[in-house]
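Data first, discussion second: the structure below is written as structure tokens.
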Amino acid sequence: MLSKGLKRKREEEQEKETLAVDTWWLDPSLPAVAQAPPPATSSSLFDLSVLKLHHSLRQSEPDLRHLVLVVNTLRRVQASMAPEPTLPPMPSPSAAPCVADSLLASSDAALSASMASLLEDLSHIEGLSQAPQPLVDEGLPGRPAGGSPPSLGALDLLGPATGCLLDDELEGLFEDIDTSMYDSELWAPASEALKPGPEDGPGKEEALELDEAELDYLLDVLVGTQALERPPGPGR
Amino acid sequence: MVLQPSERYHRDWSHRRLGPWCSPTGSPAPLSCETGCGEGSWILVCRLLVPTQVSLLSMEEDIDTRKINNSFLRDHSYATEADIISTVEFNHTGELLATGDKGGRVVIFQREQESKNQVHRRGEYNVYSTFQSHEPEFDYLKSLEIEEKINKIRWLPQQNAAYFLLSTNDKTVKLWKVSERDKRPEGYNLKDEEGRLRDPATITTLRVPVLRPMDLMVEATPRRVFANAHTYHINSISVNSDYETYMSADDLRINLWNFEITNQSFNIVDIKPANMEELTEVITAAEFHPHHCNSFVYSSSKGTIRLCDMRASALCDRHSKFFEEPEDPSNRSFFSEIISSISDVKFSHSGRYIMTRDYLTVKVWDLNMENRPIETYQVHDYLRSKLCSLYENDCIFDKFECVWNGSDSVIMTGSYNNFFRMFDRNTKRDVTLEASRENSKPRAILKPRKVCVGGKRRKDEISVDSLDFSKKILHTAWHPSENIIAVAATNNLYIFQDKVN
């Protein structure tokens, strides 16, 4: 049903945009892959997926399976839209590399912006557990732009949103916030070694850059969270 | 609320003729093999409605059931969203058939007893009991509404006169006892006939209360409530073959319960990552092995099945077997993962095979072979070119169930347009049938349906673009020993029977 070597004409693409299934981007041996992706199909799928993600996250209790599948699909689409840092020249007159580039950039910016706004919205609802995350995410200089981190932030929200305070991983929420400046000298190297993740390196420098106001805010958050913490219910 | 089992409302009487049922005209369909699906050999036994208003009306005296049913058939406004059937399950003997709906209600149907006078009525099911299993709840801590929709019902094997079943919504599992009462004590000393307490000073004699027969009454009482153990939405429950334990599975965890203990459960599977950012997979279904009480399987949104052995460790994070079919490179697309997500997993009655349902296929796996299924059946492959549209309208996320027949020779699953499909594993024949009101003349033989994928559409065929995607058959059930099937289509429950039966 799906012929690998079939190159779709531009006008056919326009008509069948909503029904087309992309398979070309996976097999580098295909002649179609030598050209850059037709931006219309991938980006419409991308937009659709982002819309679905938004819609899902805005629900009071998102369907986890739906959310995970949409996020994974979004990752695939994103990966296909930016396989290499520089796009190969396109013989097709309808799309230029700069257009594809700007599309990617704008979509990433749009995604980041939408994620940030969602985080803000949810932080009002969830209050305490959300607040530290955007501070750390947006501040880190070492994070790669675009790609996975913005979309991963979506599932970030799931922890506190659905995990709730009954969960015993409250400390995990603040794992990426470096508190070594509060620890004694004795413990600082050990805690650094124990903490996993890419945030480790930039995180430490980042913590030193946090100004007093933000630290005070974080402390308030911690104190407030502890006040709400309650023992885990039965069945744990 | 208690209802009389003798009242036969909820029945489509509109075409009913009393007397010997009509045999089909023309040459009889070829006899299917003992438990085969054949072609044209399925007949509609009855169509059962569970509209909200019926239960209110039936409390009035001397209601003409024919009047009720005719009015309901004409007036669709009586059927509400709460009536949408969300699960169907036969009990272990097939005598009872339970349905759960979106409104949190459970309706149990009982098979008509065979009698010499009305032999044609055998195989029909009447309402036996109706009760409100789950109510909508509000989680104040998270400010969330908990839906009362019944996700699954599972029967316990019968061990005494009463029937027991488990029903679950997103968060709470309940054990219900359904029992009959046909006697009533009379002659209390401290209460009068109306039940009011008597003044002890007026009592001058003592008598022994006696049991007197009364009209049969079926009562359902909640015996256990298993709550507060699931953070995520429960998708499956499964009774263990030891009849002492059962498991409940949500998106990320599976808990093991003892029927007697409600305030704690054991967590046996936990796939929640330490960092929710890393979440890429959820649990979609789980079931205990029918004979080995230590084994169970669970399926995932990535199309994998894991068999776990509870003897290996307390937390079964490491599987004993891992079933996954390598991806077909020619069929790869952005939607590959979504369509590979398994929506249902069922052990065969023999315990030797498992059947999985993903969006486009049903697969049968041999427990002894992990690298690929032994059989794959295409349910509606014509949808493969429509995946983008189906993604857009969210149909691609629909969760279809699948069932085995009693002898594990035929498998059945639902599709769109109120179609459902049966696959005979021995003859490799398959049939598409439709559960619809237009074809619901009782005892009429169901005509096989066909979807036309391209080119010239023959008469009686339906083209892919004409399919109604809002009419989906997600829930079906097969009688444990006979060729009787129950098919749920929104608020209708269709019961079909093999004609040769």
Q: Let me know if Asp170(B) has heavy atoms under 4.5 Å from chain A in its side chain, its backbone, both or neither.
A: neither
Q. Thr284(B) side chain to Ser299(B) main-chain N or O, any donor-acceptor pair under 3.5 Å?
A. yes
Q) Measuring heavy-atom distances to chain A, does Ser341(B) have an atom under 4.5 Å in its side chain, in its backbone, in both, or in neither? A) side chain
Q: May I ask you to decide whether Asp139(B) forms a salt bridge with Lys171(B), counting only side-chain N to carboxylate O separations under 4.0 Å?
A: no
Q. Ion pair present between Lys152(B) and Glu401(B), side-chain N to carboxylate O less than 4.0 angstrom?
A. yes
Q.
What part of Leu252(B) gets within 4.5 angstrom of chain A, counting heavy atoms only: side chain, backbone, both, or neither?
A. side chain
Q) Any luck finding a side-chain donor-acceptor pair between Tyr391(B) and Ser49(A) under 3.5 Å? A) yes
